[in-house]
Number of protein chains: 2
Amino acid sequence: MGRQPSAKPTSFDIAYLAGVSQPTVSRALRGSKSVSAATRANIERIARELNYTVDKNASSLRSQRTHTLALLFFEDPNPDESMINPFFLSMLGSITRECARRGYDLLISFQQMHNDWHVAYQDSHRSDGIILLGYGDYQLYLTKLEHLVEMGTKFVRWGSVSEEGIGLTVGSDNIGAGEQAGAHLVEIGRRRIAFLGDASDHAPEFQDRYDGLCRAMRAAGLEPDAALQRDAVSSEDSGYAAAVSLLASGAPFDAIFAASDLIAIGAMRALAEAGLHMPQDVAIIGFDDIPAASLTSPTLTTVMQDMKGAGTLLVDALLSRIEDRPVERCILPARLIRRQSTAV
Amino acid sequence: MGRQPSAKPTSFDIAYLAGVSQPTVSRALRGSKSVSAATRANIERIARELNYTVDKNASSLRSQRTHTLALLFFEDPNPDESMINPFFLSMLGSITRECARRGYDLLISFQQMHNDWHVAYQDSHRSDGIILLGYGDYQLYLTKLEHLVEMGTKFVRWGSVSEEGIGLTVGSDNIGAGEQAGAHLVEIGRRRIAFLGDASDHAPEFQDRYDGLCRAMRAAGLEPDAALQRDAVSSEDSGYAAAVSLLASGAPFDAIFAASDLIAIGAMRALAEAGLHMPQDVAIIGFDDIPAASLTSPTLTTVMQDMKGAGTLLVDALLSRIEDRPVERCILPARLIRRQSTAV
DNA sequence: CGCCATAGGGTATACGTATACGCATAATAT
DNA sequence: ATATTATGCGTATACGTATACCCTATGGCG
């Protein structure tokens, strides 16, 4: 009744009530084995009654561990920023949940791609590890990653797993996903399959998807035609331009695998303007399963990544690295979502 | 060369190099006026050279201020979670940027609407203030808000400003936005305008939009017809159902103002299935300007909220409250985006 | 019966910063 | 010339926790 709600209880309060010393409280709550079961139970009960929470600042100060992870989100430098991939938003949800579950706080920070990356350095003081998130051109800051490694900063990033580059990478099974998409197109009888998306070092994830497509085609006895590949970054305009270029080349094709839904949507616009029917004339598959994919006409077949799994795995992997445990798994399966654009 | 990169410099290191005491360093860097300009300049120079950053844990522990804000995001309990309003994502970006600019960290936490809200209590220990974000049914936790007020926790929430409820609220000018939408529909000659969206206390933002619509109609000498209003929550399915119900009623209408783009998209599906042409038979306006709004056919006229401004303003208002300054402004303008669905 | 290992927990202290207080020196006032 | 006040800074200490170290009681062993 007369209790001040603002009077945060400390470990001393608990110690007093439990008739032990403050360090014993600390040990009990941290799970040290040099405290008897009875004492521990008593302390935990009192702590619960008082609504006690460990003061993170004091704890971090003393132990030099923050129990906080930092999330650096790299925004696409491309203009239609409202189109930020919803994939990352879902991931954000599962990341925060996993952090909470493991008793970590999550510090978040958006980065302009070219900007003060040294913020990462700052954040490395404030967190035990860093999660790097972003689509697109990782090349831009690979040298910065090396810098992080040098400083011994623990981090994990989302991207192409096959690449085996700097640091620890977690990502979808882009190759397998590409194979699924390719196999599906082959299955519905398509032979000349185009690919829209950078197939260069700049976008390893896109390249993996292309590799998967090629693998599926070869498995079906088809040889991928390099003339049917067009570079594109993940935007509607870029997809439109790529499809226009493809159409202009005159090379015949009966299917398109786009490296992202945005690219696919742009391409669909170009195809429609050219008077082509989907999927009759050209079947099309995207990637990401963004909400808009079910609004296009025809609705877009696409590949869905495991967003919840991704967040969990990123946090898991990072914590493993922080605690110097080996990281077991860092590839996530993807799943093909069949819609009208490949329904023959 | 021989410097250990991991040896974080402390205020003592700086004090030693500057030939002063540690407290003087602290004072100089915090901007206390009881340190001479020369001393301060010298200290700042050394700090910069050493790449010194204040240890936030120590600082917070001593000052009992965390320089951290917590963001509680309330997820819609509705199933199509991938459709999380992109509006909030953009807001997230500007919130993080504004926090960074003001020297605050941002702790983020997603909440299931009905779940352990008492997490907010925990977070109130770890942050100086809380930002509450979420669309939808705020009623559910109004009692919890009262609890926060009781505990003296500083917070600000996104929502209907007109409502004047508990705590500090920042939001778009929903009434003005509704007026703009209504005026536009009247301008293109529509007389019987339907409204899809909860017009109840449960969704004050939607109610404001409806009120704005009514105001615009009355200003044009039209009387809103209550029979043309249908409840709907922000989802495609709900919008579809509402439109179907409206059509079934047989009441004539020549325009729809939907309380959100998702509702509008669902309604468009129902209209198309009923063989109605947009905008000839029925003009339609949504709200939010989600990316999908420019993908529908016809493309959707909608109201765009000032996302960047919203994040900035939320942080601003919260910091004002924390520092016991009056809050000046908490309403943001919205802008009508004209597309095909109202282009006669 | 003495010796040592072990369990269980107390004592003292460190983490890095911010602030109350005191103490000079210098600048003004009386 | 003395009293008064402001300026600029040092001294001491507190914030709440975690950990290195030490101590006691007990039990096992020879």
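Letters A, B, ... are given to chains in the order of the sequence lines, protein chains preceding strands, and every chain is numbered from 1. All heavy atoms count here, side chains included; hydrogens, waters and symmetry mates do not.
A donor-acceptor pair shorter than 3.5 Å can be found between the side chains of B:R325 and B:S320.
Contact annotation for A:S60: no contact, since no heavy-atom pair falls under 4.0 Å across all strands. Among the heavy atoms of the strands, none lies under 4.0 Å from B:V25. If you check every strand for non-hydrogen atoms under 4.0 Å, A:S59 touches sugar and phosphate atoms only. Residue-level contact check: B:T10 touches the backbone only, with heavy atoms under 4.0 Å from sugar-phosphate atoms and none from bases.
Contact check for A:W158 versus A:L314: side-chain heavy atoms found under the 4.5 Å cut-off. The side-chain heavy atoms of B:I322 and B:R65, taken from C-beta on, include a pair separated by under 4.5 Å. Within the 4.5 Å cutoff, the side chain of B:I130 has no heavy atoms near those of the B:L69 side chain. Looking only at side-chain heavy atoms (C-beta outward), B:V170 and B:R157 stay at 4.5 Å or farther from each other. No side-chain heavy atom of B:T312 sits less than 4.5 Å from a side-chain heavy atom of B:I95.
The base of C:dG10 is paired with the side chain of A:R27 by a donor and an acceptor separated by under 3.5 Å.
Only one option out of A:I108, A:I131, A:L132, A:L107 pairs with A:L72 in a side chain to side chain contact (heavy atoms under 4.5 Å, CB included); it is A:L132. Among the candidates A:V25, A:V20, A:T24, the single residue satisfying the side chain to side chain contact (heavy atoms under 4.5 Å, CB included) test with A:V35 is A:T24.
Mapping B:V35 and B:Q64 onto DNA chain D by nearest heavy atom places B:V35 closer to the 5' end of the strand. Projected onto DNA chain C by closest heavy-atom contact, A:P23 and A:A37 fall at different nucleotides, the more 5' of which corresponds to A:A37. Place B:Q22 and A:V54 on DNA chain D by their nearest nucleotides, and B:Q22 ends up nearer the 5' end.
Look at A:T24 and you won't find any side-chain N or O under 4.0 angstrom from OP1 or OP2 of C:dG9.
Checked by atom type and distance alone, the side chain of B:R40 pairs as donor or acceptor with a backbone atom of B:A28 at under 3.5 Å.
Across the helix from C:dC1-D:dG30 to C:dT30-D:dA1, the helix axis at one end is tilted relative to the axis at the other end by 40° (nearest 10 degrees, each axis from five pairs).
Between chain A and DNA chain D, the heavy-atom contact criterion of under 4.0 Å yields a 5' to 3' nucleotide range of D:dG16 to D:dA20.
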